[in-house]
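Please read the structure below before turning to the comments.
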Amino acid sequence: MLDIQFIRGNPKAVKEKSKQKGVDVNVEELLELDQKRKKMIAQLEESRQERNEHANSLKKGKPDKAQINKGRELKEKITSAEEVLMPIEKRFKELLTQIPNMPLDEVPVGKSENDNKVIEVVGEKPKFSFEPKSHIEIGEKKDWIDKKRAAKVAGSRFVYLKGDLVRLEWAMNQFGVDRLSDEEWLKNIIEENNLKISPKPFIPILPPAVAKTAVYESTARLDKEETTYKLAEDDLWLNASAEHTLAPMHSGEIIDQTELPMRYVGLTTAFRREAGSYGKDIEGIIRLHQFNKLEIESFTTAEQGVDEHIFLVMIQRKLMEELGLPYQVIQKCTADIGGPNASGWDIDTWMAGQNAYRETHTADYMTDYQARRTKTRYRSKKGEVELVHNNDATVFSERPLIAIIENFQTEEGDVKVPEVLQKYMGGKKKI
RNA sequence: GGAGAGAUGGCCGAGUGGUUUAAGGCGCACGCUUGGAAAGCGUGUUGAGGAGAAAUCCUUUCGCAGGUUCGAAUCCUGUUCUCUCCGCCA
């Protein structure tokens, strides 16, 4: 949610920046309602004051009929004012929550994901003396990936992952958590990029995989139509990312500034309906209804929000480099960053079997847009209450496994284990 | 899932319809006191919205949402969460 004060002062910018995101917002109606709302609230407060004064004057002794009647009158005045205010308030909130976050100035303006910018291409694509196979071919041959039985049990877009591929996933996540717990490693990234933030390690966390409607909505990430699964008997939704249960974790709290940044690295199973993507990416395990993802969520001051954002992208890049995976860095355009985002970066990783770069990572910077609604605040050193800034970022999902399988395959149909993962695989060099 | 108890400020805790403008304590901040400190004394100390240059004032806030009443922390209904016991269970 945006600050209404900001909208009042910058109606044109709000309209235009929303449009850049492909969102048509009714700023005029909102501001009109805002005026009405303010007026009504002032009126209502005046009536309430009258009521309170009247009630206070009756504290001693029993009120007589005239006094009770006067009280009733005052009450009716309040009730009718409330009745006028309620629909205004409702529509006001509706319009206000429809307005997306403002993209940062450096975010490229675009109409679709085709306008995303490739900022950097990193690493050497692997060369093969044979025709590289796709991960599904290798995975089925190795009995790592079983979609047929998963379809029998759960339907399409589900999978049984098995054997060494599972060990590889756990190894990769273990590696990620180890790096994010390593203060020296984090410090190097900060110094290399001249960031002005703390090297405080990330706290590993296993969050709930569900959230209540009101809580989910407060993150501005509840996509009821296309993405999120609802539990029929309960007021609960399955999370589509750990971000969705981590961002509202400190809802309603006022955190002391000395606690910031608060950094979490959480593993959860993500569930996505993928409605509207029928027939897309149907091969292999690229797009599933269910997958595991290790995710970062961090809470910072406003001053450190942007640096934290860059930091998270740099972490992603470093991890991919250590795995030896070639990738390209994408700065997402206004149309592709998503409603609550002020900025967003992707990493697309080279997948030899696909002969393409495919999206494996996202990093989102929300400024105070999420915090305003989740009511996540901090007390500054000056003693003032401020909204935190939220950042989230993928560490690893299951998609990098595809890149590992496809890029590190051998002619014999084996897969070389990235060196940094070998110690988590009992020393195995290939699987 | 069943039965019962509870939710009050940063924390503890009193409060069963009107001197509550939420007692008291702890913590914290500032001041007085002191050679300096401790103790002691005094003042302040939830968040949100609004008016004002400011001091200050108004509205709201006792888990949340409704309701009853001239008046609600207090009574009623719903709901969420916590605890105890029973049941089930990795």
Side-chain angles (χ1 to χ4, degrees), chain A residues 1-9 30-97 206-219 222 230-237 245 248-260 262 267-269 299 368-388:
Chain A
M1 193 165 75
L2 276 191
D3 184 3
I4 182 65
Q5 306 230 36
F6 175 81
I7 302 171
R8 279 178 202 146
L30 179 71
L31 290 177
E32 230 170 83
L33 283 171
D34 179 45
Q35 287 301 316
K36 272 193 207 165
R37 178 176 167 271
K38 273 177 80 174
K39 209 185 271 177
M40 283 309 300
I41 287 173
Q43 213 174 308
L44 185 60
E45 286 185 354
E46 209 175 294
S47 305
R48 280 183 180 149
Q49 189 180 351
E50 277 180 68
R51 177 201 59 193
N52 291 347
E53 279 166 4
H54 180 67
N56 274 333
S57 73
L58 300 184
K59 271 180 188 170
K60 279 180 193 167
K62 281 192 177 172
D64 62 29
K65 266 205 173 144
Q67 288 170 322
I68 288 177
N69 281 336
K70 192 183 173 203
R72 282 201 182 128
E73 254 171 60
L74 290 169
K75 187 160 73 169
E76 270 165 36
K77 204 167 150 191
I78 291 169
T79 310
S80 57
E82 281 170 345
E83 274 165 11
V84 177
L85 181 62
M86 215 167 31
I88 296 174
E89 194 88 44
K90 198 183 157 208
R91 179 72 181 146
F92 173 78
K93 280 196 179 142
E94 204 176 274
L95 287 171
L96 186 57
T97 51
L206 292 171
V210 295
K212 299 182 210 178
T213 305
V215 174
Y216 216 134
E217 276 177 342
S218 75
T219 66
L222 180 57
K230 173 91 167 75
L231 297 186
E233 303 300 324
D234 300 281
D235 179 35
L236 291 171
W237 302 76
T245 46
M249 185 180 166
H250 293 285
S251 286
E253 295 179 25
I254 298 174
I255 299 145
D256 199 275
Q257 188 178 334
T258 56
E259 310 266 320
L260 299 178
M262 286 197 301
L267 180 72
T268 192
T269 303
F299 303 83
D368 59 7
Y369 187 89
Q370 273 184 327
R372 187 166 289 107
R373 227 167 134 195
T374 60
K375 296 192 172 63
T376 310
R377 294 162 294 179
Y378 69 96
R379 194 175 298 281
S380 74
K381 283 172 185 156
K382 286 182 202 158
E384 269 151 25
V385 175
E386 314 272 5
L387 292 165
V388 302

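Quick caveat, the model's predicted, so the values are computed rather than measured. Residue numbers start from 1 in every chain, and the chains themselves are labelled A, B, ... in the order their sequence lines are given, proteins ahead of strands.
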Proximal nucleotide (of [options]) relative to the [X] side chain:
X: A/K212; options: B/rU59, B/rA48, B/rC81; result: B/rC81
X: A/R377; options: B/rG50, B/rG47, B/rC70; result: B/rG47
X: A/R8; options: B/rG50, B/rC70, B/rG47; result: B/rG50

Measuring only the [atom1] atom in each nucleotide, how far is [N] from [M]? A whole number of Å is fine.
N: B/rU80; M: B/rA65; atom1: C1'; value: 10 Å
N: B/rG9; M: B/rG24; atom1: C1'; value: 14 Å
N: B/rG6; M: B/rC76; atom1: P; value: 12 Å
N: B/rC12; M: B/rA3; atom1: P; value: 30 Å
N: B/rU59; M: B/rU69; atom1: P; value: 23 Å
N: B/rC88; M: B/rG1; atom1: C1'; value: 8 Å
N: B/rU68; M: B/rU77; atom1: P; value: 15 Å
N: B/rG13; M: B/rA7; atom1: P; value: 10 Å

Quiz item: Is any side-chain heavy atom of A/R373 less than 4.5 Å from a side-chain heavy atom of A/T97?
Solution: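 Yes. Closest side-chain heavy atoms under 4.5 Å.
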
Self-check item: Student check: side-chain heavy atoms of A/E386 and A/Q257 closer than 4.5 Å
Solution: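 Side-chain contact under 4.5 Å: no.
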
Starting at [atom1] of [X] and ending at [atom2] of [N], how long is that distance when rounded to a whole Å?
X: A/E45; N: B/rA48; atom1: CD; atom2: C1'; answer: 11 Å
X: A/I4; N: B/rA48; atom1: CD1; atom2: P; answer: 17 Å
X: A/Q43; N: B/rA51; atom1: CD; atom2: C1'; answer: 16 Å
X: A/Y378; N: B/rG10; atom1: OH; atom2: C1'; answer: 19 Å
X: A/K381; N: B/rA29; atom1: NZ; atom2: C1'; answer: 18 Å
X: A/E89; N: B/rG49; atom1: CD; atom2: C1'; answer: 10 Å
X: A/Q49; N: B/rA51; atom1: CD; atom2: P; answer: 15 Å
X: A/Q5; N: B/rA51; atom1: CD; atom2: C1'; answer: 14 Å

Once you apply the 3.5 Å cut-off to both distances, tell me the Watson-Crick or G-U wobble partner of [N], or none.
N: B/rA37; answer: none
N: B/rA3; answer: B/rU84
N: B/rG9; answer: none
N: B/rC30; answer: B/rG42
N: B/rA72; answer: none
N: B/rA51; answer: B/rU56
N: B/rG78; answer: B/rC64
N: B/rU16; answer: none

Quiz item: Does the pair A/R91/A/E94 count as a salt bridge with the N-to-O cut at 4.0 Å?
Solution: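 Yes, charged N to carboxylate O under 4.0 Å.
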
Quiz item: Is a salt bridge present between A/E82 and A/R48, judged by a nitrogen-to-oxygen distance below 4.0 Å?
Solution: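 Between A/R48 and A/E82 there is a salt bridge, with a charged N closer than 4.0 Å to a carboxylate O.
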
Respond yes when some side-chain nitrogen or oxygen of [X] is under 4.0 Å from OP1 or OP2 of [N], and no when none is.
X: A/R48; N: B/rU59; answer: no
X: A/R379; N: B/rG47; answer: yes
X: A/R37; N: B/rG50; answer: no
X: A/N52; N: B/rU21; answer: no
X: A/K375; N: B/rG47; answer: no

To the nearest 0.5 Å, what is the distance between [atom1] ([X]) and [atom2] ([Y])?
X: A/L231; Y: A/W237; atom1: CG; atom2: CH2; value: 9.5 Å
X: A/Y216; Y: A/L236; atom1: OH; atom2: CG; value: 11.5 Å
X: A/L96; Y: A/E89; atom1: CG; atom2: CD; value: 10.5 Å

Exercise. For A/R51 and for A/R72, find the nucleotide of RNA chain B with the closest heavy atom, then tell me which residue's nucleotide is more 5'.
Key: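 Result: A/R51.
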
Exercise. Specify the residue among A/L44 and A/K38 whose closest nucleotide of RNA chain B lies further upstream toward the 5′ end.
Key: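 Its nearest nucleotide being more 5', the pick is A/K38.
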
Practice problem: Mark yes when over 12 heavy atoms from residues, nucleotides or ligands other than A/K230 sit less than 6.0 Å from its NZ; otherwise mark no. | Solution: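 Yes, because the 6.0 Å sphere around NZ of A/K230 holds more than 12 heavy atoms from other groups.
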
